[in-house]
Amino acid sequence: MRPTPRKALAASALALAAVAAVSLPATPVAAAPETAASTASTASAAAACTPAQVVANGGFESGTASWTQSSTSVITSRTGQSAHGGTAFAWLDGVGSTHTDTLSQSVTIPSGCSSASLTFWLHIDTAETTSSTAYDKLTAKIGTTTLATYSNLDKNTGYVQKSFDVSSFAGQTVTLAFTGTEDSSLQSSFVLDDIALDTSGDTAPPADSTRTPAAPSYTVSLTSNTAGTVWTGHESATFTNASSTALSEVYLRLWDNYHGTCTSMPISVTNVTGGTAGALSVACTALQITLPTPLAQGQSATIGFDLGITVPSGADRFGYDGAFSMIGNALPVLAIKDGSGWHLDPYTNNGESFYSLAADFKVTLDHPTTLLVPATGASVDTAGSSGRTITTATAAKVRDFAWAAGPFSKISGTSTAGTPINVYSVSDISSANAQSMLTTAKTAVDAHAARFGAYPYGELDAVIDNNFWFGGMEYPGFVLDLVSTTALTHEIGHQWFYGIVGDDEYNSPWLDESFTDYATDLALGKTGTSCWSSVSWASTAEKITNSMAYWDAHSSRYSTVVYGYGKCALHDLRRVLGDTAMAKLLKDYATSHWYGVSTTADFKAAAQAATTTDLTSFWTTHRIDG
């Protein structure tokens, strides 16, 4: 999805409303409905780490709160030095005579976390002229362990961020301490700001990290009303339990219920077979279905249900714009369970929440012949009853299914490499703009395929409407977009990063958006040479790898950091590895995760294996955690 300035404004209010409605904690932890079944499941699972920043008042904006200082002049905002962020900072020494300053805070590092990283920003200036003798020193310690010692020899013109792995202190309460000492003459100032200690990760891999239910197969038959805004029919889902833990329940994600209320739901599921429907949860976007008997590893089952879809008004990824309906994320799909439990994150309108395994779909859509119905997969039209057409779309190894319906204008072509492209335009799109988007789509699909692997979905449909407030949206083999070369190239790039190489879009949005924006730059001949010219982190908590829970609370920063800084980080990685090695890394990485799921840890390991350069400081500097 490509956000636009309009999106940032709208999403802020919508995201707050969504959080209030769902009443889930704003943390990147999978949320589960409060049922007896889920409670029992949680109790038997390995304890998960709740990521936290455990240093209090690390920017000193609350004065001396939580800190112990040797004198009242250490934490200050006085002239002579400046803050890294805000107005306050800690200024140790700078006296020019024999002197010692100390600054300390007691911190508790949670026992449930395997990763703990201490960071701080340090500026050193000095009147010492020597280039060989450390007369004045700053020592950083945690507990009794000295992390680093700096001196007048480390003077710099601005702040430099320092980072240390303090994971070995998990489960302990220790003192974080800084001690600055000066000798008898010539001042040295050690200035600290924005101190943070971030924790993340489980202490050990969960007992069973297998993603299940696996190999889903969906069969859907729907009939529309005259306008294509109401669809009714039946859906069934067949799946296999890949986990060694018996599967006693599954969850359906009814994502588009976000666009209504629990008393007026756009997506209705009734008459469930193959299991017993439980209560709806997560703002009615998750439906628990208890299986008749627990499903052992390797066993398969099928659930079925009647389905109703009512498309709301609005030029949205799920909504109608005049005579044209866009129907994304409307088909219920199975949620994923792994060692962390069920992934039942809330819907986000700021980006994507969608996390699903590659599946097979066969979808039959009975609609008025006056409506064209572009859809995921390869479509075949046959005559239906009087004045109606039956469009049958089949798609293999896709994570979702979307379609549109309306009196579109359609043009078609084939890319140089042989991919059929269809462009469907709403009524106010000129033929020249439609043709331009067809040309862009042909070029983009071939450019991405050459870099990351052949496009596997057969045809590609692009629906063009300049009223889309969100810019563009990706689905397998099907995209929604404005008239924009950059945006359409981006959405087509998502066919690889999200579609082919999957990820948890709610908890790791950078894995699809940063990678796709980087791929877009490459396809458009951009090298990212001035990427960091105006970089400005909003806080120490802001990371490229933050989850949508964080970005929903900081929606104005989402596009800047995840799209902008994220792609810049990948450009920087290319400069570290070299063009050839980076190209090979990404193509090999796509191949090894083809139809699978990518994680930040997977990518970092693959990148490290591609070079003899230690990338530890690279990840820290670029705020890529995980």
Side-chain angles (χ1 to χ4, degrees), residues 1-12 14-15 18 253 255-256 258-259 314-319 321 326-330 345-356 376 398-402 404 437 441 444 448 460-521 544 546-552 554-567 598:
M1 188 172 182
R2 181 73 182 179
T4 65
R6 283 182 294 163
K7 176 182 177 177
L9 293 172
S12 178
L14 289 170
R253 296 314 309 259
W255 289 115
D256 282 335
Y258 167 86
H259 297 278
D316 210 332
R317 54 191 177 189
F318 178 61
D321 181 18
M326 316 302 164
I327 311 170
N329 307 111
D345 299 298
Y347 185 102
T348 174
N349 209 40
N350 199 28
E352 286 81 48
S353 301
F354 318 124
Y355 178 30
S356 54
T376 292
V398 296
R399 299 181 192 279
D400 202 351
F401 186 97
M437 292 299 92
H448 295 317
L460 173 64
D461 293 340
V463 176
I464 308 300
D465 185 343
N466 276 332
N467 290 332
F468 290 143
W469 64 269
F470 50 86
M473 181 64 197
E474 70 280 0
Y475 296 98
F478 177 95
V479 299
L480 306 174
D481 219 297
L482 307 170
V483 175
S484 167
T485 296
T486 300
L488 185 56
T489 302
H490 174 95
E491 301 310 333
I492 293 173
H494 272 305
Q495 301 302 307
W496 283 264
F497 295 104
Y498 143 77
I500 298 166
V501 180
D503 66 283
D504 180 344
E505 291 188 297
Y506 187 84
N507 289 300
S508 298
W510 89 287
L511 288 171
D512 51 279
E513 297 298 358
S514 300
F515 281 63
T516 296
D517 237 24
Y518 174 75
T520 301
D521 270 7
I544 289 173
N546 282 350
S547 75
M548 289 308 306
Y550 177 89
W551 299 121
D552 279 350
H554 304 82
S555 59
S556 66
R557 297 288 295 168
Y558 171 58
S559 178
T560 297
V561 177
V562 175
Y563 291 72
Y565 297 177
K567 75 174 179 183
S598 169

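Predicted model only: the values in this text are computed from it and were never measured.
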Would you compute the distance between atom CE of M326 and atom CG of D321 and round it to the nearest 0.5 angstrom? 6.0 Å
Would H494 and V479 satisfy side-chain contact (heavy atoms from CB on, under 4.5 Å), going step by step from the backbone distance to the final call? CA-CA 9 Å; H494 272 305; V479 299; over 6 Å; no
R317, H490, E491 screened by side-chain contact (heavy atoms from CB on, under 4.5 Å) with E474, the one that passes: E491
Looking at every non-hydrogen atom in both residues, tell me the closest pair between S547 and P509 and how far apart they are. CA-CD, 4.1 Å
Going through the checks in order, is the side-chain contact (heavy atoms from CB on, under 4.5 Å) test met by Y558 and E513? CA-CA 10 Å; Y558 171 58; E513 297 298 358; 3.7 Å; yes
Nearest 0.5 Å, please: how far is CH2 in W510 from NZ in K567? 15.0 Å
Calculate, to the nearest 0.5 Å, the distance between atoms CG and CG belonging to D521 and D517 respectively. 6.5 Å
So, D504 side chain and N507 main chain: donor-acceptor pair closer than 3.5 Å or not? yes
Going by the angle between their ring planes, with limits at 30° and 60°, are Y347 and F354 parallel, tilted or perpendicular? perpendicular
Intermediate values then yes/no, side-chain contact (heavy atoms from CB on, under 4.5 Å), V463 and F478: CA-CA 8 Å; V463 176; F478 177 95; 3.9 Å; yes
Would you mind reporting whether M473 and F318 have side-chain heavy atoms less than 4.5 Å apart? no
Do the side chains of W496 and V501 get nearer than 4.5 Å, heavy atoms only? no
Determine, for E505 against R399, whether the closest basic-nitrogen to carboxylate-oxygen distance falls under 4.0 angstrom. no
Of the non-hydrogen atoms in Y506 and D345, which two are nearest, and what is the gap between them? CD2-CG, 3.4 Å
What distance separates N467 CG from D316 CG, expressed to the nearest 0.5 Å? 12.0 Å
Okay, side chain of H448, backbone of T489: is any donor-acceptor separation there less than 3.5 Å? yes
Answer yes or no: is there a donor N or O on one side and an acceptor on the other, between the side chain of T348 and the main chain of S353, under 3.5 Å? no
Kindly give the heavy-atom pair with the smallest separation between N349 and H259, and that separation in Å. OD1-CE1, 4.4 Å
Within-4.5 Å side-chain heavy-atom neighbours: D400 and Y498: yes
Just verifying a value: how many Å separate S484 OG and F468 CZ, rounded to the nearest 0.5 Å? 13.0 Å
Donor-acceptor contact below 3.5 Å, side chain Q495 vs main chain G477: yes
Side-chain donor/acceptor of D503 to backbone N/O of F497, under 3.5 Å: no
Gap between atom OG of S598 and atom CG of L511 - 0.5 Å precision: 4.5 Å
side-chain contact (heavy atoms from CB on, under 4.5 Å) assessment of W551 paired with V562: CA-CA 9 Å; W551 299 121; V562 175; 3.3 Å; yes
Candidates I327, V398, N329 - the one meeting side-chain contact (heavy atoms from CB on, under 4.5 Å) with Y475: N329
May I ask you to decide if the ring planes of H554 and Y550 are parallel, tilted or perpendicular, using 30° and 60° as cut-offs? parallel
If we ignore hydrogens and angles and just use 3.5 Å, is the side chain of D256 paired with the main-chain N or O of A330 as donor and acceptor? yes
